[in-house]
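Worksheet for the structure shown next.
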Amino acid sequence: MELSETIIHKSGRQRKSAPASAHMSDGETKLSDMEDGDDQPLLRTLDSEDRNPKTQRGIRGELGSVCLLLFLYVLQGVPLGLAGSIPLIMQSKNVSYKDQAFFSFVFWPFSLKLLWAPMVDAVYLQRFGRRKSWLVPTQYLLGLFMLYLSFTVDSLLQTKGQGEPDVLTLTVAFFMLAFLAATQDIAVDGWALTMLSRENVGYASTCNSVGQTAGYFLGNVLFLALESADFCNKYLRFEPREKGMVTLSDFLFFWGILFMVSTTLVAIIKKENNKQEKKKKRVREETQGVMETYRLLFSIVKLPAVFTFCGLLLTAKIGFSAADAVTGLKLVEAGVPKEQLALLAVPMVPLQILLPLIISKYTAGPRPLDVFYKAFPLRLLIGLEYALLVWWTPSVKQDGGFPVYYFAVVLLSYTVHQVALYSMYVATMAFHAKVSDPVIGGTYMTLLNTVTNLGGNWPSTVALWLVDPLTSKECQGAVAQGCGTMEEVGLCSKEGGVCVVTLDGYYVESLVCAAIGLAWWFLLGKRLKRLQDESPSAWHCRVTK
């Protein structure tokens, strides 16, 4: 089970954002056709095909393209799942929370890809293909990075020795994996618009959701289960062994080879500029220059309503940061097997599929942020309940592990957390769709999604960073020795003492975050709701010729 929202939504359900260019179908009005000073939304005009609709072709004729998209999204999810498993592995090696905070920067590229998405959209080789120009080299680099890590990750994690993990090198390596995966995401998102016909382009979002979720599951839950000797000995083996069925280096090597082989096949077999493909009715992409897109983004941010909304999005999740970022690591520190936590995410998959469908019924109206406002205090309460859960965990531990009822309590807590989380998420996404200018919907949605994701990333990093400074320890068994630094901990142990935690910074953070979140809800929550009363013109930017 992953309690971190940052990690959970690496599967694409929250961190997912559309390509940064303002993609428009054939019948939409181009930006250059807008009159200067027109601040009203432009309606989609109908082309000849729309006025004379034809019978929709079934998905059967494009099943190959759908399968390819699904496979590409699965590949994208695997390195993200692996990156999500590293903090749990490092926590079992007693790394500091400052190191965990440093490693958390690995999860930032999906929240910052707006910075380089315009370049991916605008710069390409025409003969090779607009999307393949980025997809192929990016996936080759992903494969090479995985192959490199397969030979070095054991030494970086010190799995065969007693040394501490090389957090800096691990962070740089997995940051590059996440950066390349985010770049691949931009390319695949854009290719999906033209790979499928207009009648079937809606299947792209299904491929996105299912593929990234499956890839993350393979790279995180499945890997942690197969890497665990206890899990394999208990469920998969007749004779126990000291190690799991796979190691991290084996897993990385396998996926590195698969990336290299599959990318080669895609580069050779799949033609992006196939003449027969061009004859089919497909969504046409409009190309904007890099600087034009950046100017467009800046003009959106300058709108008072958008600027206020972005400020609220960047601060709304401070109250949840301790619960989302630290709780899972604290449970591992308390002795809960990391593979058991990962496996608790399995029964959540049906819930995560059904929740958006159920919640969307309440967010489809004119005031979707009302759901966000009502779910906010529930999520704050769950954060405090998580702190109680961590405090309760050591007292429940037995010689053979943890009883079944303990995991039932954890699963129930996680379920309620997911209900609150998805209520806020679906409400936010519904509001994004409601206010985005239809003329520049792709760029607009990408900006708002990026700000939303960044609003969850930076508080999580800060929360991890502050756990150690807020924690108090004392040396028991040795006179005049402290435990404030690693050197003092070593001296305490050398003198025959032991460092004991007198005040855990996690509990301090949980209370402080809850207080900040409650203050935000009282002072700024109503301000957020009032944004729903703004007229459509307050959200639509004026684009000149």
Side-chain angles (χ1 to χ4, degrees), residues 1-6 87-88 90-104 164-165 167 317-338 341 377 379-398 402 406 409-410 413-414 417 458-520:
M1 181 188 72
E2 289 297 342
L3 297 176
S4 169
E5 180 188 357
T6 301
L88 298 179
M90 292 197 304
Q91 191 66 17
S92 64
K93 298 178 180 298
N94 300 317
V95 300
S96 68
Y97 282 93
K98 285 187 177 181
D99 288 336
Q100 292 281 13
F102 187 73
F103 187 82
S104 70
E164 297 180 355
V167 178
K317 295 179 183 176
I318 296 176
F320 319 126
S321 57
D324 292 348
V326 188
T327 301
L329 300 178
K330 277 295 178 181
L331 291 178
V332 173
E333 183 181 320
V336 182
K338 59 183 182 297
L341 289 178
R379 195 167 167 190
L380 289 177
L381 288 175
I382 291 299
L384 294 176
E385 192 271 339
Y386 273 177
L388 290 175
L389 179 65
V390 172
W391 173 80
W392 179 56
T393 297
S395 63
V396 185
K397 188 176 182 181
Q398 303 172 352
F402 290 85
Y406 170 78
V409 172
V410 175
S413 302
Y414 187 40
H417 175 268
W458 78 262
S460 296
T461 298
V462 173
L464 287 167
W465 198 277
L466 290 177
V467 171
D468 285 337
L470 294 175
T471 299
S472 299
K473 298 179 181 180
E474 65 178 19
C475 182
Q476 295 182 355
V479 181
Q481 294 294 337
C483 295
T485 63
M486 293 302 296
E487 291 77 10
E488 292 179 347
V489 172
L491 290 174
C492 175
S493 178
K494 187 176 180 180
E495 294 292 330
V498 59
C499 287
V500 178
V501 175
T502 56
L503 180 63
D504 195 325
Y506 168 69
Y507 301 121
V508 177
E509 279 194 5
S510 297
L511 292 174
V512 172
C513 286
I516 294 175
L518 193 61
W520 190 98

Within this structure, what is the [atom1]-[atom2] distance for the pair [X] and [Y], rounded to the nearest 0.5 Å?
X: Tyr386; Y: Leu381; atom1: OH; atom2: CG; result: 13.0 Å
X: Leu464; Y: Lys98; atom1: CG; atom2: NZ; result: 12.5 Å
X: Leu380; Y: Ser510; atom1: CG; atom2: OG; result: 11.5 Å

According to side-chain contact (heavy atoms from CB on, under 4.5 Å), who are the partners of [X], at least two apart in sequence or on a separate chain?
X: Pro337; value: Glu339, Gln340, Phe402
X: Leu503; value: Ser472, Val508
X: Cys499; value: Cys483, Val489, Cys492
X: Leu384; value: Leu511, Ala514

Could you give all pairs that pass the salt bridge (Lys or Arg N to Asp or Glu O under 4.0 Å) test and reach residues 471-481, with sequence neighbours left out?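 The answer is none; no pair qualifies.
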
Scan for salt bridge (Lys or Arg N to Asp or Glu O under 4.0 Å) pairs involving residues 501-517, sequence neighbours excluded, and state none if there are none.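 The answer is Lys330-Asp504.
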
Over all heavy atoms of both residues, which pair between [X] and [Y] is shortest? Give the atoms and the distance, please.
X: Ser321; Y: Pro459; result: CB-O, 3.4 Å
X: Ser96; Y: Asp468; result: CB-OD2, 3.2 Å
X: Ile318; Y: Ile516; result: CG2-CG2, 3.8 Å
X: Cys475; Y: Gly497; result: SG-CA, 4.2 Å
X: Gly505; Y: Thr471; result: N-OG1, 2.9 Å

One pair to check against side-chain contact (heavy atoms from CB on, under 4.5 Å): Met90 and Leu329. What are the steps and the verdict? CA-CA 9 Å; Met90 292 197 304; Leu329 300 178; over 6 Å; no

Sorted by first residue and then second, give each ring-ring contact (aromatic ring centres under 6.0 Å, His included) pair with at least one member in residues 499-520; sequence neighbours left out.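 ring-ring contact (aromatic ring centres under 6.0 Å, His included) check on residues 499-520 returns Phe376-Trp520.
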
Give every donor-acceptor pair under 3.5 Å between a side-chain atom in residues 389-398 and any protein atom, sequence neighbours left out.
residue: Thr393; atom: OG1; partner: Leu389; partner atom: O; Å: 2.7
residue: Thr393; atom: OG1; partner: Tyr406; partner atom: OH; Å: 2.8
residue: Ser395; atom: OG; partner: Trp392; partner atom: O; Å: 2.6

Contacts of Trp458 meeting ring-ring contact (aromatic ring centres under 6.0 Å, His included) (sequence neighbours excluded), chain-then-number -> none

With sequence neighbours excluded, residues passing ring-ring contact (aromatic ring centres under 6.0 Å, His included) with Phe102: none

Quick one, Pro87 and Phe103 - any side-chain contact, counting heavy atoms below 4.5 Å?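 With C-beta onward as the side chain, the pair touches.
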
Going by side chain to side chain donor-acceptor pair (under 3.5 Å), name the residues that satisfy it together with Gln91, two or more places apart in sequence or in a different chain. Tyr97, Gln100, Glu333

